[in-house]
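All remarks here apply to the structure that follows.
Source: prediction; values computed, not measured.
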Amino acid sequence: MALSKLDNLYRQVILDHSSHPHHRGTLGKSNVTIEMNNPTCGDVIHLEVEVNDGIISNIAFDGSGCSISTASASMMTDAVIGKPLSEVGNLEQMFSDLVQGKDVADAEKLGDAAMLSGVAKFPTRIKCATLAWKALEKAVVETNSGIAETSSIHSHEEDILGENK
């Protein structure tokens, strides 16, 4: 089955983010550090987020994962940097709905991450695509709860099994 030109473009963008991920590495300074894994396929993410005045001023990720997991993390960092925490939660929910095949209004707010909508056709890959977003969601919750104000948060070996988002 031949890919349409649009499908091929999406595939190329995903491969580019996977091969040359944006914001990969670590931050010298972060408010929150989250580590999560997807034991189903072995994806692991180490996410560092710097929040100033309720806005994500810097973000970086590292770890190991499949191409979809890495591309999604790269796309996520691009989508949320400079955004207020109040908006980031909405973006996470929007992305989760998108990769589950639900209709999403304003998907363009996700930037390149909207191109991962095709993951919905492969249910076993949904957790790969959402790992970075779940880590970000946890970082936002911990920042909003005030836990992250005095020191970094380290949530080691959290997994996403059993989560339906």
Please report the shortest heavy-atom distance between [X] and [Y], naming the atom on each side.
{"X": "Asn38", "Y": "Cys128", "result": "ND2-N, 3.6 Å"}
{"X": "Ile34", "Y": "Ala139", "result": "CG1-CB, 3.9 Å"}
{"X": "Met94", "Y": "Ala107", "result": "SD-CA, 4.1 Å"}

May I have the step-by-step check of salt bridge (Lys or Arg N to Asp or Glu O under 4.0 Å) for Glu48 and Lys29, ending in yes or no?
-> CA-CA 9 Å; Glu48 295 183 16; Lys29 173 185 171 191; over 6 Å; no
Is any side-chain heavy atom of [X] closer than 4.5 Å to a side-chain heavy atom of [Y]?
{"X": "Leu136", "Y": "Leu47", "result": "yes"}
{"X": "Val44", "Y": "Glu35", "result": "no"}
{"X": "Val49", "Y": "Val80", "result": "no"}

Return the set of residues passing salt bridge (Lys or Arg N to Asp or Glu O under 4.0 Å) with [X] (not counting sequence neighbours), or none when no residue passes.
{"X": "Asp16", "answer": "none"}
{"X": "Lys102", "answer": "Asp97"}
{"X": "Asp106", "answer": "Lys109"}

How many angstroms lie between [atom1] in [X] and [atom2] in [Y], if you round to the nearest 0.5 Å?
{"X": "Met76", "Y": "Glu92", "atom1": "CE", "atom2": "CD", "result": "10.0 Å"}
{"X": "Ile45", "Y": "Met36", "atom1": "CD1", "atom2": "CE", "result": "9.0 Å"}
{"X": "Lys83", "Y": "Ile59", "atom1": "NZ", "atom2": "CD1", "result": "11.5 Å"}
{"X": "Phe61", "Y": "Arg24", "atom1": "CZ", "atom2": "CZ", "result": "5.0 Å"}
{"X": "Leu116", "Y": "Leu98", "atom1": "CG", "atom2": "CG", "result": "8.0 Å"}
{"X": "Leu91", "Y": "Ser86", "atom1": "CG", "atom2": "OG", "result": "10.0 Å"}

Main-chain N/O of [Y] paired with [X] side-chain donor or acceptor, under 3.5 Å:
{"X": "Arg125", "Y": "Ser69", "value": "no"}
{"X": "Ser74", "Y": "Pro21", "value": "no"}
{"X": "Thr70", "Y": "Ser67", "value": "no"}

Return each pair, listed once, that meets ring-ring contact (aromatic ring centres under 6.0 Å, His included) where at least one residue sits in residues 80-100; pairs must be two or more places apart or across chains.
->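 Every pair satisfying ring-ring contact (aromatic ring centres under 6.0 Å, His included) with a residue in residues 80-100: Phe95-Trp133.
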In chain order, what residues pass the side-chain contact (heavy atoms from CB on, under 4.5 Å) check against Ala71, with sequence neighbours excluded?
->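 Ile14, His17, Ser18.
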Not counting sequence neighbours, which residues clear side-chain contact (heavy atoms from CB on, under 4.5 Å) with Asn58? List them please.
->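 side-chain contact (heavy atoms from CB on, under 4.5 Å) list for Asn58, sorted by chain: Leu27, Glu50, Ile81.
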Using side-chain contact (heavy atoms from CB on, under 4.5 Å) as the criterion, point out the one residue from Val119, Leu131, Ile68 that pairs with Ile126.
->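 It is Val119, the one option of Val119, Leu131, Ile68 that forms the side-chain contact (heavy atoms from CB on, under 4.5 Å) with Ile126.
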Mark yes when over 12 heavy atoms from residues, nucleotides or ligands other than Asn52 sit less than 6.0 Å from its CG; otherwise mark no.
->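 Buried by this count: over 12 neighbours within 6.0 Å.
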Residues Thr130, Ser72; criterion side chain to side chain contact (heavy atoms under 4.5 Å, CB included); working and verdict | CA-CA 7 Å; Thr130 58; Ser72 182; over 6 Å; no
